[in-house]
Amino acid sequence: MPNKQRVEVRVNGTRYVREVEPRLTLADFLRHELNLGGTHVGCEHGICGACTVLVDERSARACLTLAVQADGCGITTVEGLRDPSSGALHPIQQAFVDGHGLQCGFCTPGFMMTTLELLRCTPDPSEEQIKEALGGNLCRCTGYQSILDSVKLAAQRMKPSTPA
Amino acid sequence: MKPAPFDYHAPATIDEAVALLARLDGEGRDAKILAGGQSLMPMLALRVARPEILVDLRRLGTLDYIRDEAGTLAIGAMTSKQAAADSALVRRAQPLFQAATELVGHRQIRNRGSVGGSFAHADPASEYPAVALVLDTGFEAAGPDGSRTIAAADFFITYMTTALEPTEILTAVRFAPFPAGRRWAIEEFARRNGDLALAGVTVTFDVDAGLCRNVRIAAFGVQATALRLTAAEALLEGRPAQAAQFDAASKEAAAALDDPMSCIHASSAYRRHLVGVLTARALGQAAARPH
Amino acid sequence: MAIEIPTLPEQMPNDASRYVGKAVNRVEDPALVSGTVEFIDNFSLPGMLHCAILRSPHPHARILSVKVDAALAAEGVAAVLTGEDVGRWCNPCFTAPEGWGNYCLAVGKVRFVGEPVVAVAASSRYLAEDALELVDIEYELLPPVADAGQAMASGAPLVFEERGTNVMLDRTYTWGELERVFAEADRVVSRRFRWNRVGANPTETFGCVCRWDLADNSLVCHGAYQTPRFMAIGRAASLNLPVNRVRIVTHPQGGGFGGKGGPRGTDIAALLSRKSGGRPVKYIEDRMEYLLAGGGQSWDRHYDAALAVKADGTVTGFRVRLVDDQGAGAEGYGTISAAKPLAAFTGNYRIEAAGYELTLVATNRAPTYPYRGYGPPPHNLVLESLMDCTAREMGIDPAELRRRNYIRPEQFPYTVPSGNEYDSGDYHAVLDRVLQMADYDALRAFQAEARAAGRLVGIGVVNTVEPGVFDWNAYATVGVPGVGVPEGVKVAVDLFGGVTVAVGFSLQGQGQFTVASQVAADYFGIDIAQVRVATTPSDVAVPHFGQGGSRLGVAVTGAILGACEKLRAMFCTVAAHVMQAPEGGVELRNGCLRRIDAPEHSMSLAEIAGLMLSRSDLLPPGIEPCPEATYVWTAPNRNAPDDQGRCRSYLTAANATHVAVIEIDRDTGRSAILDYFIVDDCGTRLNPANVEGQLQGGVAQGVGAALYEEYVYDADCQPLVSTFVDYLMPTIHEVPMTKKDHIVTPSPVSPLGAKGCGEGAIHTTPATILCAINDALAPLGKELLETPASPHRVWKLLHEDGAAA
């Protein structure tokens, strides 16, 4: 029987400590150990991007990361986007709603987490930069046009100079 | 699609890691080193790879650096690819390596994938081994008998196999200074943006009084390991940096290849053809690059 | 009393629509962007086990022995299911044509790589997969039937020995005087086409949680089901249960596109539950399982087709021979997709005669399933490519050739030779609009310039008709019984005036909950936030079907309007009684029940509903205290098919014309889409943003089918595609950001004039891209008649004789 490992993470600001099998993926850890089901799993081999989360502020595929590798890290998932006190949608979430940037919504958390990193690093992205950032996320419903528009809308609304 | 069980260790120092690997090797156990895991994890999930033990290097923070060592660019093996791609130092000192890094997968992959991991994984479709061949990259490995440096030409043995011993850890890669004015390019052909290349070519050369010097051409995605296209290099060496010469060299590059690989996306013949096309494009682009 | 369903938004009881026709935000989205929607893998039950399935590595083999002792003894394992159990407890699934079904686990022999052979239920998926490695199966290899040609060869191995043949169906349809029009043609344009397998690949694979109640002998299946009641009937049949002891609870789905259902996975999980004493069992298909053997492979087709053409470009006849490789059985209903083209066989054209020779064959490839559009995407590729070949041969502009052959606006309703009736349309207007938007003349000038410079630039102009609102009668010809597909809802008004619409389906991405909310809110003149749409389990829901065949937006609109009309009558009666108005003296307008003779006297919806629920003493005689109504909508005026399969099948006929500009890189064979234009007409656009999303999403899948995606099998029938490294779906880089416009010809026969619009783009895009590629290749005298037009395939064509080297 493999040695269980202690994993301590801070997810969306909450500290969790668990003993897990080393082979447990971060995606399964978030979903089934911590009951944070918003991180969806589409391929489990690192192509579709549905399981994208931020690990120490950087986007990562949760299916290509072991839970033990995240020990000591801060993780942000889709559940961490809404304002915790008011429940208001994050501007990226609102932009996806307003821009009809989703259909079935299964890939959407991955797209939004990727967008979150993009807009932190590149607050005023060009269309090419948006495409480059989102190139690792597959969507089978939208044909991407409304996603592109939603990200542009989010960027515009999140620009520091834009009055609230 | 879940990994088979394995034991797990995350040593805190290089010495500890090397000692652990030596012990496991002595016990005849099948240990595998985990760096960023971006290539290994899919193989684990598909149970194509099923090591008994993973030795995770994530606690070796001392292997996460990018620095200038008296003109030589040194990158710690655990440095993320995205950090390398974003580094002004890398861009200035090794523009070809920086460009190649941007071609690797997508940002989510580059964030977690390590520089050292890709070299040690030695996927023939990866950009890195080919770039290492043209850039005179040195690989520093730590093992039970201390440290050694392996030249790129000796490092890549065959399909996903390097000169690293099971008891060795790749600790750093070092790039010889890239002379100002040296021409470079990397061209690849993939079905989609971000996919592993069906074929790729990288070139470097100097232009001296209109003639090509120090020509290096390497291909990836074509055979079991990245390879220098020496016949094409020889053809171009000392010849004018002009389209007609590039064309001749690219034809030679394609013609001289031993049986390229075949897969559902590209036959052997198509890959051979692509190497010619990409060589011509890379040479042309390198010659035209402002510097 | 006959219920009149409004056929235009203006006929609803309000002064102006607040929601219908507007791109309102979707009611589905706040939960979806929050990650709180209960997709099936987010659902669990206490004591739940996890299923993993061992699958055949061989395309065709006899099972000699199965040893599961070690697996049963493995850590965490509660039950192991084998073919022996299944043979004892189950029936093979029903198919059309009948008799080509498999058991959920292989019994006796395996017929394709990926066919389930043994299943394990364990305390985690990890442990279940570990246990599978301990199963020992001995196979005797049989020669595989690797493709359709082999299947029809004499002496071929048999996929289903008991059938004595690999041919599932072989029949010929003749509509009109086919022999004469071909004999009298001035030109016959014929080609052979090959459409290779592609498939749906929703981002979420199939999953379910099944619990077999041993005391009650009943089964509850939670899962990602796009047609819940249909699934319930199928499970009852395969598992030997009464239908009323099977409850399907459908969960929101991460995309469907046709094959979402997982009958095998459901039956396996159900039987594991039965075998483990009634513990719930979860099965989540992984991507490798999906790609090898899930509901994801479609359209493996060989076409031989011809047009009969007069000297003036009039097309008079269209003849198609199709050999459709169904794979190892008809379990996925891939069979019936070959019948769908009957609904629009001759496309937008006044072609007077047509013929269809249809052969469905079994091979040892994975069974095929429905995929968005069902049969027409390949069929349209054939028809539209032949139109382009004709135009090239005759020196006529391809857009002009099409225009000459269009059904004219005054000819609607128009009955096509294959029997269906198109409700309405204006194809000339759509073509004019798209050519204007694309600046077609300028595009052709650009192309001429590019060609002069040696570039391979092509333009595709392709139009199609999208049969919308499917009916069973369209598929009678391959063995599906019935006329009329029900879609039922219950609309309830609560005592505060809130409205709940109970439906039989769940979210899948098309935004039907939003459309339902828009329609109900507008009908009752209430805020959309006051409407709630809820999914009902299959056994207690009103008869329904769910997503499929470009019908649900129209069908659920009809169902809601029908229920609302019933409520209106009920509420008017109650209001007239309590307001002491004469019978028939009260009307519903803008959400109020008001006296016609004195409109200032009115009652609100909430007042009436509240009164009905709390003051039965005030109700008129014969009125129950129940402000609720059910209505089951089905398309009007459908009929049974004749001996040539002809009938009024799909209710609506939307149409679109796409224009694509493509450049081929001579050196690599890669095709790049330079520009893409769409004008469509799907009648009333209930939610324009939803419609545009359907169009753009269909374009993306069409791009995939035309250029990237392919399920490849080798000569030994081994699948070479099992991961997303091999199956290439378009990313944001590969899909063109299309320019769109539309015209509106409301359907005279559908609820609010809306036409089915979920499939039109995938009907059109592959043909548009291939026509553009062949236009680009025309100066070289070459044609590509196979999909996908991968770089390798195009390169081979370019270089086969050194032409473009």
Side-chain angles (χ1 to χ4, degrees), chain B residues 1-6 38-39 41-48 50 103 105-109 123 125-126 187-201 221 247 250-251 254 260-282 284, chain C residues 50 52 75 122 124-130 132-133 196 205 284-292 665-670 703-704 707-714 718-735 788 790-796 798-800 805:
Chain B
M1 207 188 272
K2 309 293 184 190
F6 49 76
Q38 300 303 283
S39 299
M41 279 296 290
M43 297 169 72
L44 293 174
L46 295 164
R47 299 198 177 198
V48 174
R50 37 184 321 150
L103 289 174
H106 302 284
R107 187 181 179 114
Q108 296 100 324
I109 300 290
D123 187 321
S126 161
E187 280 284 313
E188 63 180 36
F189 186 81
R191 289 292 301 275
R192 298 173 304 185
N193 182 303
D195 284 345
L196 282 173
L198 298 182
V201 172
D247 205 40
S250 60
K251 285 199 168 67
M261 297 187 292
S262 183
C263 73
I264 61 169
H265 302 301
S267 66
S268 181
Y270 182 50
R271 274 201 164 81
R272 181 188 300 283
H273 169 84
L274 285 175
V275 166
V277 170
L278 295 168
T279 303
R281 287 181 181 179
Chain C
H50 298 263
E75 184 197 348
S124 82
R125 174 67 178 247
Y126 288 78
L127 292 174
E129 290 192 16
D130 294 348
L132 291 184
E133 298 188 334
N196 287 292
T205 53
I284 302 295
E285 176 182 62
D286 69 32
R287 184 59 61 180
M288 200 168 174
E289 294 180 288
Y290 179 86
L291 286 166
L292 281 175
D665 177 351
R666 279 176 191 261
D667 291 334
T668 63
R670 188 206 296 275
V703 167
L707 295 175
Y708 296 97
E709 301 173 25
E710 181 177 358
Y711 285 102
V712 183
Y713 285 80
D714 71 10
Q718 277 286 341
L720 302 181
V721 168
S722 61
T723 70
F724 275 167
V725 177
D726 308 313
Y727 194 81
L728 306 178
M729 297 196 293
T731 75
I732 195 168
H733 296 287
E734 283 76 43
V735 180
S790 63
H792 187 193
R793 200 164 263 141
V794 173
W795 175 79
K796 276 196 287 193
L798 288 173
H799 291 260
E800 63 193 353

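Keep in mind the model is a prediction, meaning the values are calculated, not measured. In the text below, chain A, chain B and the rest are named by the order of the sequence lines, each starting its count at 1.
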Does the [X] side chain pair with the main chain of [Y], one donor and one acceptor, at a distance under 3.5 Å?
X: B/Y270; Y: C/T668; answer: yes
X: B/R271; Y: B/A266; answer: yes
X: C/E129; Y: B/K2; answer: yes

Chain C contacts, top residue of [options] (heavy-atom pairs, under 4.5 Å):
options: B/R281, B/H265, B/R192; answer: B/R192
options: B/A4, B/S267, B/G194; answer: B/S267
options: B/L278, B/V277, B/L274, B/L46; answer: B/V277

Under a 4.5 Å cut-off applied to non-hydrogen side-chain atoms, are [X] and [Y] in contact?
X: C/P791; Y: B/R191; result: yes
X: C/V721; Y: B/I264; result: yes
X: C/I284; Y: C/H50; result: no

Interchain contact, [X] with chain C, by part (heavy-atom threshold 4.5 Å):
X: B/P3; result: both
X: B/A190; result: backbone
X: B/D195; result: side chain
X: B/R50; result: side chain

- Item | Audit row: C/R793, C/N196, side chain to side chain contact (heavy atoms under 4.5 Å, CB included) steps and yes/no | CA-CA 12 Å; C/R793 200 164 263 141; C/N196 287 292; 3.6 Å; yes
Can you tell which part of [X] gets under 4.5 Å to a heavy atom of chain B, answering side chain, backbone, both or neither?
X: C/I732; answer: neither
X: C/E710; answer: neither
X: C/D714; answer: neither
X: C/Y713; answer: neither

- Task: For chain B, find which of C/L720, C/L707, C/D130 contributes the most heavy-atom pairs closer than 4.5 angstrom.
- Result: C/D130
- Item | Between C/V725, C/D286, C/L728, C/V712, the one whose heavy-atom pairs under 4.5 Å with chain B are most numerous | C/L728
- Note on the structure: Taken to the nearest 0.5 Å, the spacing of B/N193 CG from B/L103 CG works out to 9.0 Å
- Of all heavy-atom pairs between C/R125 and C/A52, which one has the smallest distance, and what is that distance? NE-CB, 4.0 Å
